[in-house]
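Right, one structure below, let's go through it.
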2 protein chains.
Amino acid sequence: MLIIFCGIPSVGKTLIARRLAVELEKRGRPTFVVGSDDIRRLVPAHEEEFDPGRESFIKETTLHLVDYLLGKGKTVISDDTNYYNAMRRDLIEIARRNNTDYAIVYVYAPVEYALKWNRERGEPIPPEVIQRIHERFDVPGKKYRWDQPIVSIDSSETRLEEAVKTILQKLDELKPQGEVKRFSDSGLGRSEEIDRVTRRIVGRVLAEGGDERLARRLSSLRRSFVKEALERNLSLAQVESEFTERVRSVLNGEAH
Amino acid sequence: MLIIFCGIPSVGKTLIARRLAVELEKRGRPTFVVGSDDIRRLVPAHEEEFDPGRESFIKETTLHLVDYLLGKGKTVISDDTNYYNAMRRDLIEIARRNNTDYAIVYVYAPVEYALKWNRERGEPIPPEVIQRIHERFDVPGKKYRWDQPIVSIDSSETRLEEAVKTILQKLDELKPQGEVKRFSDSGLGRSEEIDRVTRRIVGRVLAEGGDERLARRLSSLRRSFVKEALERNLSLAQVESEFTERVRSVLNGEAH
């Protein structure tokens with residue numbers, strides 16, 4: 001089974017995920033907690049300088065490891081912000097490929113708490129990053145049925161033990177009632193999803209200002225990219241990052 | 001390229017490996033440092049109780065990740081004790097499958113230093129473990145040409161910067177002289193290697209005391225296991241751990 005945690009940085013996901021893993025293991029389920037931070041840690045140069053290309057490879061490797069562990073019959077907790085539903089969708093696709101169930105757990109708190117907790121541990125994450133992810137966060141289940149969390153935890157009002165107990169209960173309830181969500185429930189086609197993700201990126205750029213010429217240019221770029229993405233069988237996270245880069249390079253070209 | 005570090009625990013491998021990775025990255029080589037500790041960390045239950053089955057899966061996953069990263073063209077530093085040459089041999093096999101070169105780096109120090117450094121960081125490793133690995137350590141290059149390190153670093157007498165500089169020099173020297181070692185140089189067949197590993201295990205058990213009946217029993221167990229290992233295409237590390245378990249269960253049976 002794949003348990004997908006989502007929530008802004010520094011909201012307490014890792015703490016809950018790791019305690020949950022210990023409890024699942026006690027119930028006989030070998031459980032791994034995997035986040036992109038764990039892969040990032042393997043690249044010592046990351047601490048010296050940030051590189052977007054490397055970052056995208058790190059995300060790819062994280063998904064690969066999740067895939068591998070699910071394929072070996074392990075329970076995996078994805079411990080990442082997973083803040084766009086496209087990211088959750090990519091994870092769900094991996095669960096489906098491995099013929100296993102998934103469950104989404106949403107951990108939230110007022111952003112001021114996350115900023116405070118981050119300060120208390122010496123500000124490992126730049127506050128702007130927390131703020132930005134907070135603003136862009138796709139609250140799970142708002143748009144799609146497949147994206148519905150089994151539980152939402154307000155970590156500013158819930159003790160760790162209690163949070164873990166609630167998640168365990170919800171996981172237990174899933175099976176007997178046959179309510180475990182399957183990817184096929186979503187009813188969304190691949191090309192629709194890619195369409196939606198790329199449209200949103202273009203929309204955001206144009207909302208920040210842009211003339212008709214730029215709109216036409218981005219629209220044609222988008223159409224050809226959607227075709228390419230389908231052919232190359234890109235994941236939604238890859239679509240998100242590659243298309244953002246292409247749009248960026250068009251904008252840079254315009255500026256010159 | 002795969003850089004295989006080996007050395008007893010707490011001898012300074014990680015420190016050197018991570019600094020080396022930063023330097024390689026500066027020279028344009030994306031570099032990952034991967035050890036079984038990094039995978040073990042993904043299993044929170046590990047801190048609560050040790051499980052040999054899990055341990056063997058963790059080693060398998062570590063090798064898989066090394067394989068994946070080499071396949072993506074990354075430079076990988078294996079940061080593990082790698083204390084049997086069978087372990088180094090498994091890694092070399094992975095490098096060969098990915099058509100890439102390898103280099104062995106041996107980091108050593110008097111065992112008293114390792115014990116002292118381990119004490120200084122709050123004894124994360126049980127001292128018996130360090131002592132045991134020290135006693136069993138196959139010094140690289142003693143038996144096989146393919147196992148020859150490009151450099152041996154005495155970490156009790158070498159400053160970090162100096163160690164990294166020496167390794168970088170040795171790595172630079174490799175290429176122009178076409179001296180990079182290839183697996184095919186070893187001239188050892190797979191079944192010979194499995195034979196050797198299993199014989200050694202039986203030898204050790206009998207050396208600790210055992211009658212003729214036990215010798216016959218282990219010998220027949222060994223022969224059938226060698227066949228099975230070849231059929232199942234087990235890695236040498238798997239041979240090592242699975243055969244050790246089987247021998248152990250025979251011994252337990254004898255004791256009853």
Quiz prompt | Atom group of B:Leu69 that falls short of 4.5 Å from chain A, counting heavy atoms | solution = side chain
Quiz prompt | Engaged part of A:Arg54 at the chain B interface, taking heavy atoms whose separation is under 4.5 Å | solution = side chain
Quiz prompt | Interface moiety of A:Thr61 toward chain B, non-hydrogen atoms closer than 4.5 Å | solution = both
Quiz item: How far apart are the C-alpha atoms of B:Glu60 and A:Lys72, what are their side-chain angles, what is the distance that settles it, and do they pass the side chain to side chain contact (heavy atoms under 4.5 Å, CB included) test?
Solution: CA-CA 11 Å; B:Glu60 202 182 310; A:Lys72 297 288 179 180; 3.6 Å; yes
Quiz item: So which of A:Leu65, A:Thr31, A:Ile77, A:Asp79 actually passes side chain to side chain contact (heavy atoms under 4.5 Å, CB included) with B:Leu42?
Solution: A:Leu65
Quiz item: Which one, A:Arg19, A:Arg18, A:Glu25, leads in non-hydrogen pairs under 4.5 Å with chain B?
Solution: A:Arg18
Quiz item: Is A:Tyr113 atom OH crowded by more than 12 heavy atoms from other residues, nucleotides or ligands, each under 6.0 Å away?
Solution: no
Practice problem: Output, in order, the C-alpha distance, side-chain angles, deciding distance and verdict of side chain to side chain contact (heavy atoms under 4.5 Å, CB included) for A:His64 and B:His64. | Solution: CA-CA 11 Å; A:His64 173 81; B:His64 173 81; 2.8 Å; yes
Self-check item: Options B:Pro30, B:Ala45, B:Ala17, ranked by heavy-atom pairs under 4.5 Å with chain A, top entry
Solution: B:Ala45
Quiz item: Between A:Val43 and B:Val33, is a side chain to side chain contact (heavy atoms under 4.5 Å, CB included) present by the stated rule, with each step listed?
Solution: CA-CA 6 Å; A:Val43 187; B:Val33 180; over 6 Å; no
Exercise. Examine whether an atom of B:Glu23 lies under 4.5 Å from a heavy atom of chain A, and if so say whether it belongs to the side chain, the backbone or both; otherwise answer neither.
Key: neither
Quiz item: Top residue by heavy-atom pair count (under 4.5 Å) with chain B, among A:Glu47, A:Lys74, A:His46?
Solution: A:Lys74
Exercise. Pick one of side chain, backbone, both or neither for A:Tyr68, based on which atoms fall under 4.5 Å of a heavy atom in chain B.
Key: side chain
Quiz item: What distance do B:Arg40 atom CZ and A:Phe32 atom CZ have between them, rounded to the nearest 0.5 Å?
Solution: 10.5 Å
